[in-house]
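Below is one structure; the comments refer to it alone.
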Number of protein chains: 2
Amino acid sequence: MFFMTTVPLTRQRAPSKRSLETVARILDASETVFARGGFDGASLRDIAAEAGVQVGLVHHHGGGKAELFHKTVARRAEALSHARREALAAAKAAGPLDLRAVLTAFLAPYLRLARTGTHWLNYARLVAYVSVDPRWRGICAECFDPTAEVFLDEISTLLPDTPRPVLAAGFIFAVSSMLALVTTQWRVEALGSDTLEADIQLDHLVRYCEAGLRATA
Amino acid sequence: MFFMTTVPLTRQRAPSKRSLETVARILDASETVFARGGFDGASLRDIAAEAGVQVGLVHHHGGGKAELFHKTVARRAEALSHARREALAAAKAAGPLDLRAVLTAFLAPYLRLARTGTHWLNYARLVAYVSVDPRWRGICAECFDPTAEVFLDEISTLLPDTPRPVLAAGFIFAVSSMLALVTTQWRVEALGSDTLEADIQLDHLVRYCEAGLRATA
DNA sequence: GTCTATATGTAGATAGAC
DNA sequence: GTCTATCTACATATAGAC
């Protein structure tokens, strides 16, 4: 029959290059604006202005404000999880794992990416908002918890005598310290003068968390 | 002259008991609602409904949304700073200070208060929002930094060879971990099953931060 | 896919009666 | 001090031309 030869309504043609660029621009703008004031502090108008497109277009591609927020968080979360798992695999390949190597594999990719420019810095603040607000538990569970579990398993293998809740708490301390390091740099400066060099920051953070985990084990 | 006998326009009569109760109810409600979704996630209407008063009254007593937010954060900050300084003084009176005693004096009051009911739990989340958002730097500087400096000075005395920026960073890690412990209890549970007993939580947090600080010193 | 225009709701702030 | 009513602005979302 005739209508069988038409494409189903759910099937869509491959997006044009221009469309892909527009979507990316909208997501970049969402990231910037959502990072500034969280979900409620952002408006689709601000995002549209930042992206240089019309408001209706933001809605069209984003699928509503909540879904746009979800997409914005999820986009870089995949890249981040991938980098962390790669770093873990590389550490495993290099020799027997120790606690420091596991923590470094988890913490280093984020700090390294945060130095590449404003995008990942904005993203760090966005993640901090997501972590604080219980409305976004689902996003955390989907975007961050699976990889966190992988690393927690490794830590658990290295410290087999420590109950898992204790290790989970210590791991949360590590994550929150990492976010604080990126997002509240100004507060560190306010309390203690100059900023430290980036590699030193990573080294300090890893030492801090390693010692902390061992102390509670 | 006649007008000298009239009270200046800025001077106001002592508030009635009923008025004080209303103001307290409005601040309690602000705390609850602001803690739920941050500054932008809250509306004066929600706060009015929570307090059981009219919207105009919230505006009247709060002096606008921004000032109400400020007042809400500042109210408990004073009580918290006082409890922390008292704990520090008590520790000093009990004998020579060590790092663990200083950290305990800083961390214990918050965790103890957070167990007294929902008010301080809400407040913890509110403080987490304030810490993330750079718009509230001024509030942080006014409400929290002075007491933080006092404790940082004590830590600096105990670890005199460590540069202050390093100690400041470690102290921020401790603060962020403390906030995470209170606000992301659900995430700890998601990653590691049951919740730990409160005294154990405090003990672990103090051990973690003490070991971390020593490791970076 | 992109734009203009608009529908519909709700935000913060205020005026004025009591 | 408290309440009702309302002003003005801006939010999200959608409809429909191109």
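Chain letters run A, B, ... following the sequence lines, proteins first, then strands; residues in each count from 1. All values below come from the heavy atoms of this structure, side chains included, with hydrogens, waters and symmetry mates left out.
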Q.
One pair to check against salt bridge (Lys or Arg N to Asp or Glu O under 4.0 Å): B:D145 and B:R137. What are the steps and the verdict?
A. CA-CA 10 Å; B:D145 283 357; B:R137 283 188 197 191; over 6 Å; no
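Note on A:R25 versus A:E21: no salt bridge recorded, every NZ/NE/NH1/NH2 to OD/OE distance being 4.0 Å or above. We find that B:R164 and B:E149 are joined by a salt bridge, their nearest charged nitrogen and carboxylate oxygen being less than 4.0 Å apart.
Near-neighbour residues of DNA chain D inside residues 39-66 of chain B, defined by a heavy atom below 4.0 Å, number-ordered: B:Q54, B:L57, B:H60, B:H61. For DNA chain C, the residues of residues 19-37 of chain A within the heavy-atom distance limit of 4.0 Å (strictly under) are A:S19, A:T22, sorted by number.
Just one residue in the list B:R36, B:R76, B:R125 forms a side-chain hydrogen bond (donor to acceptor under 3.5 Å, both in side chains) with B:E31, and that residue is B:R76.
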Q: Let me have DNA chain C in dot-bracket notation, would you? Count Watson-Crick plus G-U wobble pairs, both distances under 3.5 Å, and use [ ] for pairs crossing earlier ones and | for inter-strand partners.
A: ||||||||||||||||||
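Not counting sequence neighbours, the partners of A:P146 by the side chain to side chain contact (heavy atoms under 4.5 Å, CB included) test are A:R85.
The backbone N or O of B:E78 lies less than 3.5 Å from no partner atom in the side chain of B:S81, so there is not a single donor-acceptor pair.
In this structure, the side chains of B:F173 and A:F173 stay at 4.5 Å or more apart for every pair of heavy atoms.
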Pair up each side-chain donor or acceptor in residues 111-121 of chain A with any protein partner under 3.5 Å, not counting sequence neighbours, and list the distances.
unit_1 : atom_1 : unit_2 : atom_2 : d
A:T116 : OG1    : A:L113 : O      : 2.5

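In this structure, B:Y129 has its ring center at least 6.0 angstrom away from the ring center of B:W136.
Residue pairs meeting the side chain to side chain donor-acceptor pair (under 3.5 Å) criterion with at least one partner in residues 55-65 of chain A, sequence neighbours excluded, do not occur; the list is empty.
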